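The structure appears right after this line, and notes come after that.
Keep in mind that this is a model prediction, so the values were computed, not measured. We use all heavy atoms of the structure for the numbers below, so side chains are in, but hydrogens, waters and symmetry mates are not. Both ligands and their constituent atoms are indexed starting at 1 by order of listing.
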Amino acid sequence: MKLIIKDRIFTDNTSELEQNSVFVVSKQNEQYKDVALNGGFEIINADELKNYLDMSSIKVIGITGTNGKTTTATTIYNILLNLGYKVALQGTRGFFINENQVEDYSLTTPVQIGNFAHIQKAIQNGCEFFIMEVSSHAIEQKRIEGLDFALKIHTNITRDHLDYHKTIEEYIRVKNLFLSDESPKLVNIDDKVVKYNSTNSFTYSLENNSDYKVNKYEFEHGMKVDFLYKDKTYTFFSKMMGIFNIYNLMASLGAVHILTNRKLEDICKTLENFGSVSGRVEVVSLNPLVIVDFAHTPDGMEEVLKSFPNKDIICIFGAGGNRDSAKRPLMGKVAQKYSKSIVVTSDNPRYEEPERIIEDILTGIDDKSNVIVEVNRVEALKKAISMANDKSVVLVLGKGDEATQIIKDKKYPFSDKEEILKILNKS
Ligand SMILES: CC(=O)N[C@H]1[C@@H](OP(=O)(O)OP(=O)(O)OC[C@H]2O[C@@H](n3ccc(=O)[nH]c3=O)[C@H](O)[C@@H]2O)O[C@H](CO)[C@@H](O)[C@@H]1O[C@H](C)C(=O)N[C@@H](C)C(=O)N[C@H](CCC(=O)O)C(=O)O
Ligand SMILES: Nc1ncnc2c1ncn2[C@@H]1O[C@H](COP(=O)(O)OP(=O)(O)OP(=O)(O)O)[C@@H](O)[C@H]1O
Ligand SMILES: N[C@H](CCC[C@H](N)C(=O)O)C(=O)O
Ligand SMILES: [Mg+2]
């Protein structure tokens, strides 16, 4: 990938080196360093890249955690835009500058040069804030090297990506590494495994004492939440659902408060202006009630499933291929715990056989009497929706607002939301 700063070309790929370009060496490409060296090219590391790009006009905000990064990042982005700031957002759903989508879905956290290129574009567009999701891969691969964070935010640490990190202990270690320096940070202290450097830290919580502490909430047409900050109570309303979203909203409010020092009352007020984040607990139809969500980990699923205690849940989901296979039975188990009916189907099979992935999920479900297996996701959606009635909620999990299904290395257009609307004849 290339980055051009003041007519100089920086690249992290030796095959892109041309006259006068600079090779940016990192943990990912150090095996190619000799190629650049032998070609007589200047070599710098990603940390030195910051000497070439003046980032003093922009505040970089990094969000890590197993679940909730996209929701929290998007909420902060929406609040800041509502308050009149110019803002850029980089994450799973793509790259956005001041309300416009500039790039589509790709990695949650790009590689070093990608981050710098986006920050450069944000600065050129006058942004004061650059909000980015920080994945565990990015921390481990040092994709965020060279970035100074005005605020680091932690949502929660449960489990994901053990295909890559191998053990849960290693995954937790990597996630906590992000919080180990003295950068300002905002931490969910209800999380039992989080470890952080307490210098310059702020906390939020529902259970333990913290700087931004929820003391009361109720759900009706969304939520009403009271929280305490420095002994004063503040209230906000939001159209979002689920206790997990109270955490995401507290992280978002706290972050904007720390970063802008605006009145908490004014920050709270902005939340009334927007609903759910695309593909995250998104209500696609009210009658029958059909909701699309991106839950693709056992914890993410549990958080969503337990948010509908008064409904008969019809849960439809699969699991991604070439990703942590040990999470699959756990996803089956949690679906069984909360659902009246389950439809197990395909997610993104990638290079795996969809039937094999489904078998892995089924090993976690003891009682299969209410389970339908349908490998074709469109057919599965039809079956799930045909079971719906006025007491039920159909929860379509795993793909959120993804616009494709990935089979081998090809991406085929596919949207849960569009398929649901077609089935209901609403499109
Ligand atoms: C497993 C994984 O994370 N792989 C990433 C890794 O791939 P890799 O080490 O195989 O890369 P590579 O092709 O060998 O190249 C390594 C480096 O050498 C350089 N190179 C390569 C060839 C050459 O001749 N000369 C040369 O200099 C390349 O420019 C690159 O910088 O480094 C590449 C770039 O440095 C990433 O694009 C790639 O992400 C792949 C595509 C991927 O799918 N990653 C997923 C799993 C991922 O990162 N997901 C996370 C988490 C998602 C979430 O929870 O939201 C994400 O952040 O998206
Ligand atoms: N704070 C939270 N705690 C637990 N589960 C959550 C939380 N926030 C969201 N979820 C669940 O996890 C799903 C993914 O949420 P979101 O996209 O915000 O997370 P993410 O961390 O960005 O995920 P990814 O790593 O895949 O990009 C949601 O659709 C919801 O089901
Ligand atoms: N960012 C996550 C998203 C997973 C979404 C799910 N649909 C899947 O494909 O497993 C990943 O790449 O692991
Ligand atoms: Mg995300």
Side-chain angles (χ1 to χ4, degrees), residues 1-2 11-17 23-36 41 43 46 63-75 89-94 105-115 132-144 153-158 160-161 163-165 171 175 188 190-191 204 206 240-252 276-282 291-307 317 320 322-324 350 395-402 406 409:
M1 171 155 204
K2 278 188 205 172
T11 176
D12 58 2
N13 196 322
T14 48
S15 65
E16 290 175 345
L17 286 167
F23 183 62
V24 182
V25 69
S26 67
K27 192 176 170 198
Q28 289 304 100
N29 65 9
E30 57 196 0
Q31 72 268 36
Y32 300 102
K33 191 176 169 186
D34 284 348
V35 179
F41 292 96
I43 301 177
I63 303 167
T64 204
T66 308
N67 291 305
K69 297 183 294 297
T70 299
T71 309
T72 304
T74 310
T75 305
L89 169 67
Q90 170 189 279
T92 316
R93 295 179 50 248
Y105 253 87
S106 63
L107 288 174
T108 287
T109 317
V111 295
Q112 290 87 349
I113 289 200
N115 291 318
M132 61 183 283
E133 293 179 47
V134 179
S135 66
S136 57
H137 297 76
I139 303 168
E140 203 277 333
Q141 293 170 15
K142 300 203 166 102
R143 292 182 200 162
I144 50 173
I153 301 167
H154 150 263
T155 59
N156 50 70
I157 307 174
T158 53
D160 201 7
H161 303 307
D163 53 317
Y164 182 78
H165 300 286
Y171 174 71
K175 280 286 189 196
N188 164 13
D190 290 344
D191 183 342
Y204 67 99
L206 266 66
M240 290 190 186
M241 289 183 240
I243 292 176
F244 62 94
N245 269 327
I246 303 183
Y247 280 97
N248 296 335
L249 289 164
M250 289 309 296
S252 306
S276 63
V277 174
S278 180
R280 275 76 184 161
V281 205
E282 183 179 352
I291 291 178
V292 162
D293 185 67
F294 196 48
H296 53 79
T297 67
D299 176 63
M301 284 179 68
E302 177 142 31
E303 289 300 325
V304 177
L305 290 162
K306 76 179 186 201
S307 303
F317 72 104
N322 302 96
R323 294 284 189 269
D324 183 6
R350 301 193 176 83
L395 292 177
V396 182
L397 306 183
K399 288 181 67 66
D401 61 346
E402 288 180 350
I406 310 171
D409 59 351

What atoms of ligand 2 come closer than 4.0 angstrom to any heavy atom of Ala295? 13 (C), 29 (O), 31 (O)

Is the contact between Met1 and ligand 1 made by the side chain, the backbone, both, or neither, using heavy atoms and a 4.0 Å cut-off? neither

Ligand 2 and Val304, any nitrogen or oxygen pair closer than 3.5 angstrom? no

Test your reading of the structure: does Glu303 have an N or O sitting under 3.5 Å from an N or O of ligand 2? no

Check this for me - ligand 2, His161, N or O atoms closer than 3.5 angstrom, yes or no? no

Numbered atoms of ligand 2 (with element) below 4.0 Å of Asp299, judged on heavy atoms: 4 (C)

Within the structure provided, determine whether Ser307 and Met241 are in side-chain contact (heavy-atom separation under 4.5 Å). no

Interfacing atoms of ligand 2 (cut-off 4.0 Å, heavy-atom, Asn156): 1 (N), 2 (C), 3 (N)

For atom 45 (C) of ligand 1, which of the options Val25, Leu107, Val24, Thr92 provides the nearest non-hydrogen atom? Leu107

Would Gly68 count as a polar contact of ligand 2, with the cut-off being nitrogen or oxygen pairs under 3.5 Å? yes

Sub-4.0 Å atoms of ligand 2 with respect to non-hydrogen atoms of Lys69: 18 (O), 19 (O), 20 (P), 21 (O), 22 (O), 23 (O), 24 (P), 25 (O)

Part of Thr108 within contact of ligand 2 (heavy atoms, under 4.0 Å): side chain

Starting from atom 27 (O) of ligand 1, what is the nearest protein heavy atom, named by residue and atom, and what distance separates them? Thr14 N, 2.9 Å

Student check: side-chain heavy atoms of Tyr171 and Ile157 closer than 4.5 Å: yes

Atom 49 (N) of ligand 1 protein-contacted, heavy-atom criterion under 4.0 angstrom: yes

Verify atom 58 (O) of ligand 1: protein non-hydrogen atom under 4.0 angstrom away: yes

Straight-line distance of Glu16 CD to Phe23 CZ, nearest 0.5 Å: 10.0 Å

Note the single closest protein heavy atom to atom 15 (O) of ligand 1, along with its residue, its atom name and the distance in Å. Gln28 O, 4.6 Å

Taking the side chain as everything from C-beta on, heavy atoms only, tell me whether Asn115 gets closer than 4.5 Å to Gln90. yes

To which of Thr297, Asp160, Val111, Ile113 does the heavy atom nearest atom 34 (C) of ligand 1 belong? Val111

Please check whether Asn248 reaches ligand 2 - meaning an N/O of the residue sits under 3.5 Å from an N/O of the ligand, judged on distance alone. yes

Do Lys27 and Gln141 have side-chain heavy atoms sitting under 4.5 Å apart? no

Pick, from Arg143, His137, Glu133, Arg350, the option with the minimum heavy-atom distance to atom 38 (C) of ligand 1. Arg143

Under 4.0 Å from atom 20 (N) of ligand 1, is there at least one protein heavy atom? yes

Contact check: Ser106 vs ligand 1, nitrogen or oxygen atoms, below 3.5 angstrom: no

Using 30° and 60° as the class limits, which term best fits the ring planes of Tyr164 and His137: parallel, tilted or perpendicular? tilted

For Tyr247, run the side-chain hydrogen bond (donor to acceptor under 3.5 Å, both in side chains) check against Asn188, Asp190, Asn67 and tell me which one passes. Asp190

Is there any N or O on Thr155 that sits under 3.5 Å from an N or O of ligand 2? no

For atom 26 (C) of ligand 1, the option (of Tyr164, Tyr32, Phe294, Tyr105) bearing the nearest heavy atom: Tyr32

Please say whether Thr109 places an N or O atom under 3.5 Å from an N or O atom belonging to ligand 1. yes

Using a distance threshold of 4.0 Å (strictly less than), state whether atom 12 (P) of ligand 1 has a protein heavy-atom neighbour. no

Option from Thr155, Thr70, Thr72 for which side-chain hydrogen bond (donor to acceptor under 3.5 Å, both in side chains) with Glu133 holds: Thr70

Quick note on ligand 2: atoms under 4.0 Å from a heavy atom of Thr92 include exactly 27 (O)

Side-chain contact, heavy-atom cut-off 4.5 Å: Val292 with Asp401? no

Minimum non-hydrogen distance to atom 56 (C) of ligand 1, winning option of Thr108, Thr64, Val35, Asn13: Thr108

Before moving on, can you tell me the angle at the Mg ion (ligand 4) between the OG1 atom of Thr92 and the OE1 atom of Glu133, to the nearest 10 degrees? 80°

Looking only at N/O atoms, are Thr66 and ligand 2 under 3.5 Å apart anywhere? yes

For a 4.5 angstrom cut-off between non-hydrogen side-chain atoms, does Val396 reach Ile291? no

The answer for which part of His296 has a heavy atom under 4.0 Å from ligand 2 is side chain

Is the shortest side-chain heavy-atom distance between Pro110 and Arg143 below 4.5 Å? no

